[in-house]
Amino acid sequence: MLDRQGDWKRTNYCGDLRAADIGREVTLMGWVHRRRDHGQIIFIDLRDRSGIAQVVFHGDQAKDAHAKAEELRGEYVAAVRGRVVRREKPNPQIPTGEVEVLAGELRLLNAAHAAPFAIEDEITASEETRLRFRYVDLRRPRLQRNLGLRHRLVFEMRRALDELGFYEIETPALARPTPEGARDYLVPSRVHHGHFYALPQSPQLFKQLLMISGLDRYFQIARCYRDEDLRADRQPEFTQLDLEMSFPRQDDIFEVIERVLERVWVATGLAVSRPFRRMEYRDAMERYGSDKPDLRFGMELRDVTPFFDPARETLRIHGSVRAVAAPGGAALSRKQVEELVEMAKSHGASGAYAVKMGPEGAASSLEKPLGAENLRAMTESLGAKAGDLILAVAAAAGGTAAKGPDPALPIAGHLRLGLAHRLKLVPQGRWEFTWLTGFPLFEWSETEKRWGSAQHPFTGIVEEDLEKLESAPWEVRSKGYDLVLNGVELGSGSIRIHRQDVQARLFRALGLSDEEARHRFGFFLDALTYGTPPHGGIALGLDRMVALLAGEKSIREVIAFPKTTAAQDLMADSPATVDTQQLDELGIRIKESG
RNA sequence: GGGGCCGUAGUUCAGUUGGUUAGAACGCCUGCCUGUCACGCAGGAGGUCGCCGGUUCGAGUCCGGUCGGCCCCGCCA
């Protein structure tokens, strides 16, 4: 039989009880974590957000409460009144282990079905089951910690930005569709049949308009939507810390972000040193084969193309060859090395070669084609010692992409990461922030066979490169920057274009006719002519940041109700079909598939 | 759009060459138990082998399709 909560008021959280509370009368409310029934004595572990407290029921002291405690089962909701006493045998495993609550009265507030899996951190349930019962999954301490951390982080961001003079301003969730960039989530208009809103991929244009409006400093914890295929670090809706400021130098934006992040890291009990390191895009590609280098370890790449000259014929090497040396890598099994070589090939390498460093020197199938002397020179240039492993990859650029970075670089970069992770050479507990600057403005799109914006088409252009906009677009540098943390792209931003004439020139360089530009961004081009201050900003991926701080591999672990890789919510079963009346109102008919 | 791994009890898994009544652990239910803390002991219930079709005397097992989960490539201005 269920009881009413009545006028009982909770006095303490379960997990807060300590020896100092001994003697106090307390009222606890929570979930039955476990029941240990010994007949005349029953132990209940009562759980709430804060943790677990042991409640003890004696048959001879509190008869009614004891009788009711016999009915308790896992995940029942209960309220207990009693006195905090010292335990006869303390349990050092839990924070409340020195005390227990001697129950005087028990109210059973709700029964529960047996949970589909245990409410514990170490759990074997599949992610599918967890997502189907997300409300149960979220009771687990790990997810409660993650969401608590996320709250703390957002709270500190708001405080820090308020102190720095930023206004938090909301922008529309029903926005204008954008043909460029990611696929939009569309929302049909009931009033205007055949017309659609789009959920924003980011508040980009709105925040720039706020600068034009003179709001000076804006931020938003903004939900963004992109209808693209998902990954462990990508959800169809995700959250950004989005900000924009007027009259900034690049350094001003860096400083704001560094201050905000310092605040967040300190609040999380971690140290971070300012100012953050800075690196040029070209440099990052050359040394790490990535525009988001993981700087927690060395293993920099080397250009070993010259050593391969004698072997070009036999190995059919057309492009360049880049190599990385892994300390202790010779310990990797044949199979592991083979995996890495296969990975390189699947990423487009025309060849991938391993050199094992033994006490007698290099051992490799490359010895014959390169020549022993040449091979030795190569290993020396990489500083490889006995016990190390060298991986070299060759790749050739095709067509116009030759203007971009050497294609062997990103593949070698992947090998660098693969080696470091397999050899456990990545130190944990280090936070290596770095700013990346000097990105090319344009990127060659192989699928569309044209130059496109590397970031977005409002990114500022380095003044001295403006003249090359039409003649040598691949040499034009942007005023964009990325923030990278431990090999993860945390965010990206730029000083924007604030002059209408420059913006129009860029659209033309992107192959957008004046009419098209006007059709897509007319309102924005107009706004630029009404007194636009120089402005710039950045957006940071909040989910990724929390995941990194929580030590989670997937951002699904830091989002309360995430979707699967097929963009479904297994708990709410969305997306769902709608009835024809709803469709009729919207003027929509579903096409027969096939 | 492509590749890989997976789907058997509430959960996580095992299941031989295709062969009689599909097993284990945990969980659940009943009873006993006054110091447990992953309590213990005794007993018990629990299965559309994801779904559809095919091969076969016979399919959890083989074949085709389909649905769902995870990881990766493409994609993500």
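A, B, ... follow the sequence lines: proteins, then strands. Residue 1 opens every chain.
- Taking the nucleotide of RNA chain B with the nearest heavy atom to each of A:Q93 and A:P457, the more 5' of the two is matched to A:Q93.
- For B:G64, the paired nucleotide is B:C52, the pair qualifying as Watson-Crick or G-U wobble because both relevant distances are below 3.5 Å.
- Using atom C1' as the reference point in both B:G50 and B:G7, the two lie 6 Å apart (nearest Å).
- Not counting sequence neighbours, the partners of A:P177 by the side chain to side chain contact (heavy atoms under 4.5 Å, CB included) test are A:D184, A:L186, A:A198.
- Partners of A:R223 according to the side chain to side chain contact (heavy atoms under 4.5 Å, CB included) rule, which considers only residues two or more places apart in sequence or in another chain, are A:Y225, A:E237, A:T239.
- Taking 4.0 angstrom as the limit, A:R34 places a side-chain polar atom (N or O) nearer than this to OP1 or OP2 of B:C39.
- Residue A:E100 is in base contact, counting any heavy-atom pair closer than 4.0 Å across all strands shown.
- Counting only residues at least two apart or on different chains, the side-chain hydrogen bond (donor to acceptor under 3.5 Å, both in side chains) pairs with a member in residues 48-61 of chain A are A:R36-A:Q54, A:D48-A:S50, A:Q54-A:E100.
- With hydrogens and angles left out, the side-chain atoms of A:S494 and A:R496 include a donor and acceptor closer than 3.5 Å.
- Atom P of B:C13 sits at a distance of 11 Å from the matching atom of B:C6, rounded to the whole Å.
- The CD atom of A:E237 sits 16 Å away from the C1' atom of B:C76 (whole-angstrom rounding).
- Note: CD (A:E70) to P (B:U30) measures 11 Å, nearest angstrom.
- Among the atoms of the strands shown, only primed sugar atoms or phosphate atoms (P, OP1, OP2) are found under 4.0 Å from some heavy atom of A:A454.
- Using a 4.0 Å heavy-atom criterion, one finds that A:T129 contacts the sugar-phosphate atoms exclusively.
- Going from atom CZ of A:R35 over to atom C1' of B:C37 covers 14 Å, rounded to whole Å.
- B:G74 and B:G18 have their C1' atoms separated by 41 Å, with the value rounded to a whole Å.
- The CZ atom of A:F117 sits 16 Å away from the P atom of B:A9 (whole-angstrom rounding).
- Nucleotides B:C28 and B:G15 have their C1' atoms positioned 24 Å apart, rounded to a whole Å.
- Applying the Watson-Crick and G-U wobble criteria (two distances, each under 3.5 Å), B:U30 pairs with B:A42.
- In this structure, of B:G74, B:C39, B:U12, it is B:G74 that holds the atom nearest to the side chain of A:D229.
- By the 30° and 60° cut-offs, the orientation of the rings of A:F458 relative to A:H456 is tilted.
- Applying the salt bridge (Lys or Arg N to Asp or Glu O under 4.0 Å) rule to pairs touching residues 536-547 of chain A yields A:R150-A:D543, A:D233-A:R544, sequence neighbours excluded.
- Atom name C1', nucleotides B:G4 and B:C62: the rounded distance is 22 Å, in whole Å.
- When the side chain to side chain contact (heavy atoms under 4.5 Å, CB included) test is applied to A:L174, the partners found at least two apart in sequence or on another chain are A:V187, A:Y197, A:L199.
- In this model, the phosphate group of B:C73 is approached by a side-chain N or O of A:R231 to a distance below 4.0 Å at OP1 or OP2.
- Residue contacts for A:P116: at a heavy-atom cut-off of 4.0 Å it reaches the sugar-phosphate backbone alone, with no base atom in range.
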For residues 114-122 of chain A, which side-chain N or O atoms pair as donor and acceptor with protein atoms under 3.5 Å away, sequence neighbours left out?
from   : atom 1 : to     : atom 2 : distance (Å)
A:E120 : OE2    : A:R34  : NH2    : 2.8
A:D121 : OD1    : A:R142 : N      : 2.7
A:D121 : OD2    : A:R145 : NH2    : 3.3

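- As the counterpart of B:A25, B:U11 is assigned, both hydrogen-bonding distances of the Watson-Crick or G-U wobble pattern falling under 3.5 Å.
- Under a cut-off of 6.0 angstrom, the local environment of CG in A:D526 is crowded, with over 12 non-hydrogen atoms contributed by other residues, nucleotides or ligands.
- B:C71 atom P lies 11 Å from atom CZ of A:R234, rounded to whole Å.
- Side-chain atoms of A:D227 stay outside donor-acceptor range of the base of B:C76, with no qualifying N/O pair under 3.5 Å.
- Atom CD of A:E228 is separated from atom C1' of B:G2 by 16 Å (rounded to the nearest Å).
- Comparing B:C26 with B:C39, their P atoms sit 12 Å apart, to the nearest whole Å.
- Pairing for B:C5 goes to B:G69, judged as Watson-Crick or G-U wobble with the two contacts each under 3.5 Å.
- Contact of A:R73 with B:C29 (side chain to base): no donor-acceptor pair of N or O atoms is detected under 3.5 Å.
- Taking the six-membered ring for Trp and thresholds of 30 and 60 degrees, A:Y281 and A:F439 have ring planes inclined between 30 and 60 degrees apart.
- Dashed line: the shortest gap from a side-chain N or O of A:K89 to OP1 or OP2 of B:U36 is under 4.0 Å.
- Atom NE2 of A:H58 and atom C1' of B:U36 are 11 Å apart (whole Å).
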Could you list all N or O pairs between the protein and nucleotides 68-70 of chain B that sit under 3.5 Å apart?
from  : atom 1 : to     : atom 2 : distance (Å)
B:G68 : O2'    : A:E128 : OE2    : 2.9
B:G69 : OP1    : A:T564 : OG1    : 2.7
B:G69 : OP1    : A:Q568 : OE1    : 3.1
B:G69 : O4'    : A:E128 : OE1    : 3.2
B:C70 : OP1    : A:T565 : N      : 3.2
B:C70 : OP2    : A:T565 : N      : 2.8
B:C70 : OP2    : A:T565 : OG1    : 2.3
B:C70 : O3'    : A:R556 : NH2    : 3.0

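- For residues 34-54 of chain A, the ring-ring contact (aromatic ring centres under 6.0 Å, His included) pairs, not counting sequence neighbours, are A:H38-A:F43.
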Reading nucleotides 3-8 of chain B 5' to 3', which nucleotides get B (base under 4.0 Å from a protein heavy atom), which S (sugar-phosphate only), which -?
------
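- Atom P of B:U55 sits at a distance of 38 Å from the matching atom of B:A45, rounded to the whole Å.
- Close to B:U36, at under 4.0 Å from its OP1 or OP2, lies no side-chain N or O of A:R36.
- Residues from residues 40-57 of chain A that place a heavy atom under 4.0 Å from any atom of RNA chain B, listed by number: A:Q40, A:I41, A:F43, A:Q54.
- Following rounding to the nearest Å, A:Q240 (CD) and B:C76 (P) show an atom-to-atom distance of 16 Å.
- Checking A:T178 against A:Q201 by side-chain atom types alone, a donor-acceptor pair falls below 3.5 Å.
- When the side chain to side chain contact (heavy atoms under 4.5 Å, CB included) test is applied to A:D465, the partners found at least two apart in sequence or on another chain are A:V462, A:K468, A:V476, A:R477.
- Contact check on A:R134 versus A:D137 returns a salt bridge, with a Lys/Arg side-chain nitrogen under 4.0 Å from an Asp/Glu carboxylate oxygen.
- Separating the C1' atom of B:G60 from that of B:U21 is a span of 15 Å, rounded to the nearest Å.
- For residues 69-82 of chain A, the set of pairs meeting the side-chain hydrogen bond (donor to acceptor under 3.5 Å, both in side chains) definition, not counting sequence neighbours, comprises A:T27-A:R81, A:R47-A:E75, A:E75-A:R139.
- A:H113 comes within 4.0 angstrom of nothing in the nucleic acid, heavy atoms only.
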